Amino acid sequence: MGYNFAREVDKIAEEYPDRLAILCVSQDGHEERIDYATLRNRTNRLASALLRLGIKKGARTLVLLPRGVDAYVVYLSLIKVGVTILPGSEMLRSGDILYRMKHSDASVVIAASNLTPAVDEVRSESPTLKYFLAVGEAVPRWTDLDGLYDLGTPAEFIVDTEDSDLCFLSYTSGTTGGPKGVMHTYDWPREHLAVAGTYWFDAKPGELAWATAGPGWAKWVWSPFVAILGNGATAFAYQGRFDAATYLSLMEKYKVGLLCATPTEYRLMAKVKGIENYQLSLRSAVSAGEPLNREVIDTFARVFGITVRDGYGQTENSLLAGTLQDMEVRPGSMGKPFPGMRVDIVSDDGEVLGVGEIGHIAVHKSFPALFKGYLSDPDRTKRAFRGEWYITGDKGRKDEDGYIWFEGRSDDIIISAGYTIGPFEVEDALVKHPKVAECAVVASPDEERGSIVKAYVILRNPEDANDPGLVAQLQDHVKQVTAPYKYPRAIVFVDSLPKTTSGKIRRIELRQLETEPTTTL
Ligand code: ATP
Ligand code: MG
């Protein structure tokens with residue numbers, strides 16, 4: 001019998017039945033609370049009912065649910081049945097859904113009732129789909145999931161799973177191209193908990209922890225799901241739209257102890273007027289998904305006395321490096337690899353590089369939370385490895401103390417007049433300017449220099465774009481904050497930046513604008 005994450009959560013229910021497992025707040029302030037004993041009861045019922053319905057171990061199951069209690073109950077129940085979960089976001093459209101169905105031969109789909117029309121649109125093109133379960137209101141041609149609980153029994157119910165059984169088929173964000181199907185086995189949550197859950201995320205038993213990632217991304221599985229429940233903390237979920245001031249108010253009202261958010265969310269919170277007036281009870285704060293700007297770290301330290309700790313990882317693995325609890329922060333660095341884990345900087349040939357040399361951020365193949373390959377894409381899987389190393393596709397360097405400094409995604413690196421320039425450092429400098437809200441930096445072809453650094457900038461006040469001196473002002477600002485050769489020779493002001501549905505900037509689209517000027521955003 002192998003490891004099963006649902007058993008881990010049931011153990012907590014056995015020891016602390018009354019402890020709050022989930023506290024969910026809707027946009028209009030409605031609260032839903034469920035303790036660990038109730039969570040166990042519900043997941044036993046649902047898991048036994050799903051099996052009775054005919055859903056078997058290994059069935060590939062696409063889940064399309066928003067944040068909330070149902071997402072937790074459904075994920076845990078599916079793990080009890082031993083299926084392979086395809087985490088899906090509520091933002092997926094019919095084309096994205098069809099892509100996943102076809103790519104994975106999924107046989108089960110579980111969707112919030114408002115998301116069922118998108119599945120119905122491609123139903124006829126997904127012949128492998130057999131089970132359609134809707135959560136919420138009744139939907140014609142869909143089985144009502146809420147009605148299933150009575151079909152099951154509350155007795156302990158976990159199908160035997162092996163460590164090598166496929167647990168998650170997580171699709172990447174699609175920042176650099178089409179999403180890839182990343183395979184993780186049933187032992188992955190154990191390894192993730194042992195590494196990221198302990199050294200970095202570090203939720204305390206019973207603590208109210210808010211990890212803002214929505215279901216559908218690897219990060220939802222990592223933090224709100226595995227790291228919070230696996231540590232016996234209480235998961236806070238907010239079902240409303242993101243609004244920086246609302247987030248601060250919610251943290252104040254509910255006394256959130258641990259926050260895990262994206263750099264963009266932190267950035268916008270740090271710019272809320274009157275941020276000093278919020279009385280937060282934060283004990284710890286972490287950020288992941290994109291580079292974390294110093295500006296944010298400074299504001300949170302000054303206002304709340306809290307160090308926002310960066311963490312770096314990918315759908316393909318788990319957290320690879322981070323500023324661990326009680327570790328000295330080097331603002332701008334992603335922190336260090338976890339104790340005992342081999343994450344290093346290597347050359348194109350897979351040779352480990354020295355201090356200060358820029359190369360691939362790579363993970364030794366012995367890393368326990370490394371993926372088992374891309375589904376149905378052995379060539380891509382093979383290409384991702386060089387000798388003993390898995391190549392992340394990101395570039396960075398290490399300093400004399402082993403801190404890793406992010407340069408950018410390999411494809412985003414700019415080579416200008418022989419200089420190698422990572423977009424992150426330039427972006428980091430630009431957002432420090434008080435007039436800049438957000439920005440993205442890419443290479444733009446240039447006859448003389450090969451490429452030049454070009455910045456797409458969203459201003460806090462769009463009217464400032466009319467100020468003829470602003471471009472030069474921003475250029476001077478960058479020259480003062482970072483090495484002058486990195487300054488953006490071209491700057492354009494835009495209203496929005498192209499992003500993935502998970503909110504990551506798609507520099508690939510901006511680069512296309514540069515090379516194919518007829519493309520529009
Ligand atoms: P795709 O692989 O489909 O292009 P993606 O790489 O964005 O999409 P994810 O697996 O969700 O998909 O994201 C992992 C990537 O996000 C990393 O490879 C890295 O480029 C970036 N990233 C994650 N955390 C950090 C961080 N703390 N600092 C800098 N970059 C980060
Ligand atoms: Mg990637």
Side-chain angles (χ1 to χ4, degrees), residues 87 89 91 96 99-100 103 168-184 192 196 200-201 213-223 260-267 285-294 296-297 308-324 329-337 343 360-363 369-371 374-375 377 380-381 383-384 390-397 403-413 422-425 427-428 440-441 498-509 511:
S89 149
M91 279 178 287
D96 310 311
Y99 177 82
R100 285 159 174 74
H103 189 243
F168 295 109
L169 190 51
S170 281
Y171 285 81
T172 57
S173 301
T175 311
T176 49
K180 303 167 282 243
V182 169
M183 299 192 282
H184 282 299
H192 175 69
W200 176 74
F201 192 80
W217 312 110
K219 252 186 89 193
W220 144 260
V221 175
W222 287 20
S223 299
C260 174
T262 63
T264 307
E265 289 168 334
Y266 277 113
R267 216 159 30 234
V286 289
S287 161
E290 281 190 291
L292 178 67
N293 309 100
R294 282 162 217 225
V296 167
I297 302 180
V308 182
R309 295 179 294 112
D310 195 5
Y312 159 78
Q314 303 183 301
T315 308
E316 285 89 340
N317 24 69
S318 164
L319 216 75
L320 297 173
T323 303
L324 314 184
V329 179
R330 302 228 167 130
S333 154
M334 305 190 298
K336 290 194 212 184
V343 174
H360 301 281
I361 304 179
V363 186
L370 197 55
F371 71 138
Y374 296 111
L375 180 76
D377 203 345
R380 188 191 283 277
T381 307
R383 279 202 307 275
Y390 158 75
I391 306 292
T392 57
D394 293 316
K395 291 222 162 148
R397 64 196 149 81
Y403 282 77
I404 296 186
W405 298 74
F406 185 67
E407 283 287 323
R409 291 168 183 271
S410 303
D411 301 342
D412 290 341
I413 301 283
F424 170 54
E425 223 178 325
E427 290 167 6
D428 196 45
V441 164
K499 290 191 175 164
T500 63
T501 36
S502 59
K504 295 187 183 202
I505 298 171
R506 296 196 81 223
R507 291 181 193 76
I508 186 173
E509 282 185 41
R511 273 202 307 276

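These numbers come from a predicted model, not from an experiment. Both ligands and their constituent atoms are indexed starting at 1 by order of listing.
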Location of contacts on Y312 toward ligand 1, heavy atoms closer than 4.0 Å: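 Both parts.
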K219 and ligand 1 - part of the residue with a heavy-atom distance under 4.0 Å: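 Looking at K219 and ligand 1, no heavy atom falls under 4.0 Å.
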Residues which pass ring-ring contact (aromatic ring centres under 6.0 Å, His included) with Y403, listed by chain and number, not counting sequence neighbours: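 ring-ring contact (aromatic ring centres under 6.0 Å, His included) check on Y403 returns nothing, list empty.
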Can you name the residues that form a ring-ring contact (aromatic ring centres under 6.0 Å, His included) with H103, not counting sequence neighbours?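 ring-ring contact (aromatic ring centres under 6.0 Å, His included) list for H103, sorted by chain: Y99, Y171.
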Taking K395 first and then D412, would you say they form a salt bridge - that is, a charged N and a carboxylate O separated by under 4.0 Å?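 Looking at D412 together with K395, the answer is no, because their closest N to O distance does not fall below 4.0 Å.
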Would you mind checking if R507 and E427 are paired as a salt bridge, meaning a charged N to carboxylate O distance below 4.0 Å?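 R507 and E427: salt-bridged.
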Under a 4.0 angstrom heavy-atom cut-off, which atoms of ligand 1 come close to [X]?
X: K180; value: 1 (P), 2 (O), 3 (O)
X: G311; value: 24 (N), 26 (C), 27 (N)
X: D394; value: 17 (C), 18 (O), 19 (C), 20 (O)

Got the closest protein heavy atom to atom 15 (C) of ligand 1, with its distance?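 Here the nearest protein heavy atom works out to R409 NH2, 3.5 Å.
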Protein heavy-atom partner closest to atom 16 (O) of ligand 1 - residue, atom, separation in Å: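 Checked against all protein heavy atoms, atom 16 (O) of ligand 1 sits closest to K504 NZ, 2.9 Å.
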Aromatic ring pairing Y312/F406, orientation class (parallel under 30°, perpendicular over 60°, tilted between):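 Rings of Y312 and F406: tilted, 30 to 60°.
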Could you tell me whether S287 and ligand 1 have an N or O pair separated by under 3.5 Å?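 The answer is no, given that S287 and ligand 1 share no N or O pair closer than 3.5 Å.
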